[in-house]
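What follows is one structure encoded as structure tokens, with my remarks underneath.
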Amino acid sequence: MAEIVQQRIEDRIPELEQLERVGLFTQKEVKSIIKRATALEYKLHRLIVNKEDFIGYIQYEINILELIKKRRAHVHYQFKREEIEFPIIHRINSIFKRATKKWKDDVQLWFSHVAFCKRWGTKVQISKVFSAMLAIHPDKPAFWIMAAKCELEDRNSSESARHLFLRALRFHPNNKKVYQEYFRMELLHSEKLRLQKAELEKAEMDLGENEFSTEILNGKLAEVVYKDATGKIKEAEFVIALLNTAAIFDFTKELQDMILQDLLTNYTDDSLTWDFMARRELDAPGAGEELHTAKGRASDINRREERCCQVYEEGVKSLNIEPMWTCYAAFCLERLKRKTNVEELMDKRQQRLLGVLQRAHDSSLLTENYYKNWLQILLTSGDAEGAASVAMTATQRFSQSVAMWSLSLQTLMQLGSGDIGRLFQDAFTHINPKESLPLWQLQLQWSVDNQSPEETEEVFKRGLLSAVAAVAMEMKEGYLDWSYSTGGYKKARKTFTSLQENRPLSKAFFTKMIEIEKQQEAPKMNNLRDYFERALQEFGTSEDDLWLEYIQEELGPLGQPQNCSKIHWRAMKFLEGESVERFTSRYTLLQTGHL
């Protein structure tokens with residue numbers, strides 16, 4: 001091992017001599033580098049090596065490169081890069097190669113190597129890194145795409161990028177992202193050739209007979225990719241994605257027309273096709289002179305939106321399904337949210353959306369999340385009767401949805417409906433009890449605001465009987481808090497006493513009673529001890545902070561400090577797992593006055 005390390009150190013002497021000779025590093029700094037490099041080399045040659053040792057060595061070498069770069073700029077010396085930087089870069093690549101060979105599955109390590117190659121301009125090395133990475137990880141489409149993009153953008157090699165995409169498709173023949181990026185690459189290639197041809201024509205140079213193929217310049221290779229892709233992946237969303245990619249380039253009109261025709265011929269049974277065709281109407285050219293005034297622009301926008309809606313209307317006639325109505329409603333909602341100072345346009349958008357929501361609801365094809373938007377619009381516009389009607393019908397259609405019941409009940413509470421109590425009971429009969437906590441919380445909020453204390457107490461008592469632990473515990477905590485706020489300390493203590501043996505129990509139930517006791521003018525330490533002891537019976541094996549709070553109370557003005565050692569002994573006996581370590585460290589901080 002020592003011989004290998006010594007050889008590696010000797011190999012770097014020429015570059016260090018050059019650094020000292022040209023004045024970038026001092027003799028003292030060179031010696032420091034040799035010493036540090038020797039230590040790092042020995043770490044890499046131990047019997048058991050760590051990945052962190054490789055990363056540390058790489059980072060140290062990169063820091064040297066960065067320092068050389070800064071000093072070159074400072075002294076304006078730009079020579080002898082082959083003798084100085086190149087050996088360091090080569091050495092870093094070698095260390096990366098050793099590391100990735102040992103930890104092949106560490107994706108971040110591979111990415112770090114690629115990033116280093118890009119940062120320090122070793123483009124040939126990037127291809128080698130990606131080649132090695134893909135040999136180990138051919139199952140990851142994202143890696144193939146990254147490698148192809150690197151060939152295209154960093155190495156300016158369309159041929160290599162195409163070769164990588166074709167190899168990727170052997171491993172992932174139905175991957176949409178690979179096809180999309182391949183399609184985009186071929187269009188970029190055509191655009192690059194068109195720019196080159198234009199530059200040559202501008203310079204009046206001879207293009208040659210076969211140098212620029214008309215088919216390639218017009219994107220025929222991309223068309224081949226498109227046909228291959230859509231032959232395997234028959235989805236409207238995928239075709240639309242390719243069409244949007246083609247639309248970025250200004251020479252693809254024929255290709256776009258072909259894709260659009262394909263979409264209209266083969267995918268009219270998909271709501272996304274109708275949605276795409278409808279939204280295209282927004283981009284149609286407007287009427288010239290009208291656009292100079294705010295009302296004129298609003299009128300033009302309204303006409304475009306009407307054309308969009310005409311397409312959506314054809315869509316819902318042809319495809320009367322929930323996703324189609326969802327696309328229609330989403331479009332109308334988006335347009336309503338767009339800011340405008342023209343009230344007439346805003347009113348038309350609102351009426352258009354309300355009409356679509358009502359028709360989708362009448363067809364039982366309106367999704368749950370749009371009822372919230374519907375109710376908000378009706379409440380904002382002051383249509384209380386309409387909002388109440390929608391709220392009631394929504395709960396009938398989505399009778400098992402807690403979110404829908406909560407939304408509808410909140411709306412009816414806001415409107416002051418007199419039959420809320422019955423509706424709550426109706427809700428509890430339909431929903432899954434395990435999901436009922438939000439409704440219990442909402443009912444308590446309503447009861448506290450609108451019912452007598454006796455009726456509110458009945459709600460709490462019904463909640464305490466719930467078989468769902470989360471509901472029962474929440475009810476206990478809320479009941480204790482409510483008892484204190486309405487009846488004072490005596491009622492809170494009575495409530496606590498009646499519930500402290502009724503499981504399930506929560507830590508918050510006990511800590512709330514402890515806080516109530518401490519808020520009294522003359523808190524009783526004996527009561528606090530009782531609360532802590534009862535809490536520790538339930539949670540003493542895991543809640544180390546309860547033990548610490550107990551000790552802190554004994555150290556306080558009401559307590560007896562001599563009890564702390566007993567509590568500490570019990571804590572160490574009862575606590576389990578990691579809570580023991582947490583308690584020990586925090587108890588030490590408490591003793592030293594740092595907690």
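Just so you know, these numbers come straight off a predicted model, no measurement behind them.
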Any chance you could lay out the salt bridge (charged side-chain N to carboxylate O under 4.0 Å, His left out) test for Lys348 and Glu306, step after step, and finish with the verdict? CA-CA 10 Å; Lys348 286 183 178 179; Glu306 288 292 346; over 6 Å; no
Indicate the atoms forming the closest heavy-atom contact of [X] with [Y], along with that distance.
X: Cys117; Y: Gln125; value: SG-CG, 3.7 Å
X: Ala470; Y: Leu437; value: O-CD1, 4.3 Å
X: Cys150; Y: Lys118; value: SG-CE, 4.2 Å
X: Ala246; Y: Thr252; value: O-OG1, 2.6 Å
X: Ser399; Y: Ile431; value: O-CG2, 4.0 Å
X: Asp270; Y: Leu319; value: C-CD2, 3.7 Å

Distance-only donor-acceptor check, side chains [X] and [Y], under 3.5 Å:
X: Arg335; Y: Asn302; result: no
X: Gln443; Y: Ser447; result: no
X: Trp405; Y: Asp426; result: no
X: Gln396; Y: Thr393; result: no
X: Asp383; Y: Ser381; result: no
X: Gln261; Y: Thr265; result: yes
X: Lys192; Y: Ser158; result: yes
X: Ser401; Y: Glu368; result: yes
X: Tyr328; Y: Asp275; result: no
X: Thr245; Y: Gln180; result: no

Query raised in the report: When you look at Phe130 and Trp110, which way does the ring-ring contact (aromatic ring centres under 6.0 Å, His included) test go after all the steps?
Result: CA-CA 8 Å; Phe130 272 119; Trp110 289 103; 9.3 Å; no
Pairs touching [range] that satisfy ring-ring contact (aromatic ring centres under 6.0 Å, His included), sequence neighbours left out:
range: residues 175-198; value: Phe165-Tyr182
range: residues 332-355; value: none
range: residues 342-368; value: His361-Tyr371, His361-Trp374
range: residues 250-282; value: Phe249-Phe251

**Prompt:** Excluding sequence neighbours, so at least two apart, what forms ring pair (Phe, Tyr, Trp, His ring centres under 6.0 Å) with Phe238?
**Reply:**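 In terms of ring pair (Phe, Tyr, Trp, His ring centres under 6.0 Å), with neighbours along the sequence ignored, Phe238 is linked to no residue.
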Legend entry - Residues which pass ring pair (Phe, Tyr, Trp, His ring centres under 6.0 Å) with Phe143, listed by chain and number, not counting sequence neighbours: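 Phe143 satisfies ring pair (Phe, Tyr, Trp, His ring centres under 6.0 Å) with Phe111, His137 only.
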Can you confirm whether [X] sits close enough to [Y] that some side-chain heavy atom of one is under 4.5 Å from a side-chain heavy atom of the other?
X: Lys197; Y: Leu193; value: no
X: His113; Y: Lys128; value: no
X: Leu169; Y: Trp144; value: no
X: Val356; Y: Leu333; value: no
X: Asp257; Y: Lys253; value: yes
X: Leu366; Y: Arg397; value: yes
X: Met185; Y: Leu164; value: no
X: Glu334; Y: Arg338; value: no

[X], [atom1] atom: more than 12 neighbouring heavy atoms under 6.0 Å:
X: Glu344; atom1: CD; value: no
X: Glu314; atom1: CD; value: yes
X: Asn174; atom1: CG; value: yes
X: Glu237; atom1: CD; value: no
X: Lys372; atom1: NZ; value: no

Working for salt bridge (charged side-chain N to carboxylate O under 4.0 Å, His left out), residues Glu477 and Lys512
CA-CA 8 Å; Glu477 295 165 25; Lys512 182 64 185 176; over 6 Å; no
Please round to the nearest 0.5 Å and tell me the distance separating atom [atom1] of [X] and atom [atom2] of [Y].
X: Ser157; Y: Glu159; atom1: OG; atom2: CD; result: 7.0 Å
X: Leu378; Y: Leu354; atom1: CG; atom2: CG; result: 5.5 Å
X: Leu264; Y: Ile259; atom1: CG; atom2: CD1; result: 12.0 Å

Under a 3.5 Å distance rule, please check whether Ser389 uses its side chain to pair with a backbone N or O of Glu385 as donor and acceptor.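 Not at all, since once roles are kept as given, no pair shorter than 3.5 Å links the two residues.
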Worksheet item: Between the main-chain N or O of Pro504 and the side-chain N or O of Lys476, is there a donor-acceptor pair closer than 3.5 Å?
Response: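 A pair under 3.5 Å: yes.
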[X]/[Y] ion pair, N-O < 4.0 Å:
X: Arg119; Y: Glu66; answer: yes
X: Glu313; Y: Lys317; answer: no
X: Arg155; Y: Glu151; answer: yes

Take Leu187 and Leu255 through the test side-chain contact (heavy atoms from CB on, under 4.5 Å) and record every step on the way to the result.
CA-CA 11 Å; Leu187 291 172; Leu255 178 60; 4.0 Å; yes
Exercise. Could you go step by step and tell me if Ser466 and Met475 meet the side-chain contact (heavy atoms from CB on, under 4.5 Å) rule?
Worked result: CA-CA 9 Å; Ser466 173; Met475 291 297 105; over 6 Å; no
Discussion item. Tell me whether the rings of Trp120 and Phe116 are parallel (<30°), tilted (30 to 60°) or perpendicular (>60°).
Written reply: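 Judged by the thresholds at 30° and 60°, the geometry between Trp120 and Phe116 is tilted.
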* Please report the C-alpha distance between Lys227 and Glu223 in whole Å, then the side-chain angles of each, then the deciding distance to 0.1 Å, and finally whether the salt bridge (charged side-chain N to carboxylate O under 4.0 Å, His left out) criterion is met. => CA-CA 6 Å; Lys227 289 180 177 178; Glu223 184 179 329; 3.1 Å; yes
Point to revise | Asp262 and Tyr226: CA distance, side-chain angles, deciding distance, side-chain contact (heavy atoms from CB on, under 4.5 Å) verdict | key: CA-CA 11 Å; Asp262 188 18; Tyr226 168 79; 2.4 Å; yes
Test salt bridge (charged side-chain N to carboxylate O under 4.0 Å, His left out) on Lys220 and Glu186; report intermediate values, then the result. CA-CA 9 Å; Lys220 290 298 180 182; Glu186 291 295 2; over 6 Å; no
